[in-house]
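Sequential numbering from 1 along the given sequence is applied to the chain's residues. Atoms within each ligand, like the ligands themselves, are counted from 1 in listed order.
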Amino acid sequence: MANASETGKDKARSSTRDRAGRETLRSWAPATGALLGEVPVATTEDVERAVARARRAQEAWALLPVEERAERVLRYRNALVDRAEEVVDLEVRETGKTRHEALISEVFVVADVATYYAKNARRLLAPQPIEMVRMKHRRSYVHYVPRGVVAVISPWNFPVVLSLSDTLTALIAGNAVVCKPSEITPLVVQKCKEIWDAAGLPPDLFQVVHGHGEVGADLIAAGVDKVVFTGGVATGRKVAAACGERLVPCVLELGGKAPLIACADADIERTARAIVFGGFANSGQICLSVERVYAHESVHDLLLERVVGLVSELRQGDPATGDVDVGAMTFPRQVEVVEAHIEDALAKGAVLRAGGKRRPGAGMFFEPTVLARCDHRMTVMTEEIFGPIVPFMKVGSEEEAIALANDSHLGLDAYVFTRDRDRGCRIAERVVAGSVVVNDVLANYAYPEAPFGGVKASGIGRVHGDDALRDMCQARHVNVDRFGSLEREPFWHPYDATTYKVILKATRALFGGGGLVQKLSELL
Ligand code: NAD
């Protein structure tokens, strides 16, 4: 068995060659260092062939009525749920996360998203009539046309949901999908693909190509029609540039630095439990994790003490062998990032109240860590942590908390805890983030009906919600004369002075000061 640091290096760049000389990706269990398996790395030609096959499969798929596509996706959902424990077992070993997290945050959410879109796709993708404001003699509607082949490029922290949720959305909308999962967690996504094939669904319609970042870059270059990317900000910029070069639309779901504002009237017990769950679920490796706490001075000390108490009760260990609350970290480089944050914070005056170090031995277990007396000179308050650290900062007012929450280059999620719901909503409307949740944490990614995504460097575009399904399509505007057509429209060639004067008069009558539009708006 490899020791933890060897595993770390291997897992960061774990390619080797099989007997046939093909490059393969190896996957290691972060909790034990054991080798779990390997998959072949796709060459540029493999990726191009996958996209070509997907394009052919998509042509037939797009011709099916939306209800039939939805029904087949539900067949996949059923197969996935039937085999949920196989997926959970493998995922727990490959990521180091707990069984609860693998079930509820991955399989459950995929099933929920598939169900929501399958149930609503017919309504959401039905042609949408547009009421014409002036051209009443013409009829307009938006017709939703599948884009073609969608690339889904996913990270390692939630390999199943971040690969499948967007994949199934794209499929219901009539697209084919080629997915490139993270090189750190290829096996569990490969398992999901096997379940697709075993359910008798068209194998070319949903394909998986494996490899490092180059394979993701090859996929974007292979002529896909849309990219849904989830990953880090630096990679997101590269993906955006590659998509910009090709004028391919992309959704970018990037990093987060979620603030949690604890108001003076916050319920201490609920807030403390939310901080512990929001900070340490999946060892803090969640883009929505509670990454900084701004606690009002009147509740700060009580809240901090309660959080420290709850952290001391957390059970950490190998989730494959028993009931634990916190498993292993997944990605070796992330352990180093966490250590660097703690070192920087302690050097600048933070106080360590819990945890603070990696557990010795094989396996990447990092103790749930609480830091007090933090401030914005410390990277732990300003840069993404993506690991099990919750830093606390005392604030004197709501205004100060909002200003500090907004003092970030990231804006994915934010949380407000208060007994006064109106105050919660007032604060939520002033915090700059894609989602702000009052009196809860993490759960909002799991609402299929609500849009999810970031502002600032946290990303572009949204997944989930009704618009995300429609965005898997091109919105084609169709406009048609209701009655018989004239020989020519008045503003077509040939131009003449009389028509010009008529148009000028009409423009003034409609839009000029005291014109029809102004009068109507005064009346209404
Ligand atoms: P990453 O950016 O290193 O990798 C993500 C994926 O991109 C991987 O599959 C990788 O192989 C691929 N990739 C790398 N270079 C590429 C390139 N040039 N072109 C195309 N693909 C390329 O991210 P990660 O370390 O796997 O994931 C952690 C990050 O993901 C964190 O920053 C986290 O906040 C973010 N994340 C965001 C969300 C969200 O919904 N906003 C969800 C989960 C994770």
[X], any N or O under 3.5 Å of ligand 1 N or O:
X: P155; answer: no
X: E183; answer: yes
X: E384; answer: yes

Using the ring of F366 (Phe, Tyr or Trp, six-membered ring only), decide whether R358 places NZ or CZ under 6.0 Å from its centre and within 45 degrees of its axis.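 Verdict for F366: no cation-pi partner in R358.
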Angle between ring planes, F206 versus Y76, binned at 30° and 60°: parallel, tilted or perpendicular?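 Judged by the thresholds at 30° and 60°, the geometry between F206 and Y76 is perpendicular.
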Have a look at [options] and point out the one with the heavy atom closest to [atom].
atom: atom 3 (O) of ligand 1; options: L412, V251, L252, T235; result: T235
atom: atom 8 (C) of ligand 1; options: S154, A241, G231; result: S154
atom: atom 21 (N) of ligand 1; options: A151, G216, P159; result: G216
atom: atom 26 (O) of ligand 1; options: W156, F386, F229; result: W156

So, for F386 and W156, is the gap between ring centers shorter than 6.0 Å?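 Yes: the rings meet the under 6.0 Å criterion.
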Ring centroid separation H464 to Y116 under 6.0 Å: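 Centroid distance H464-Y116: not below 6.0 Å, so no.
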With a cutoff of 4.0 Å, is A234 in contact with ligand 1, counting heavy atoms of the residue only?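 Contact absent.
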Check against salt bridge (Lys or Arg N to Asp or Glu O under 4.0 Å), K97 and E94: CA-CA 8 Å; K97 72 175 59 176; E94 193 170 38; over 6 Å; no
For the residue pair T115 and D112, confirm or rule out a side-chain donor-acceptor distance under 3.5 Å.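 Judged by distance alone, the side chains do not pair up.
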Atoms of ligand 1, numbered as shown, that sit under 4.0 Å from any heavy atom of F452: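 Counting atoms of ligand 1 from 1, those under 4.0 Å from F452 are 40 (O).
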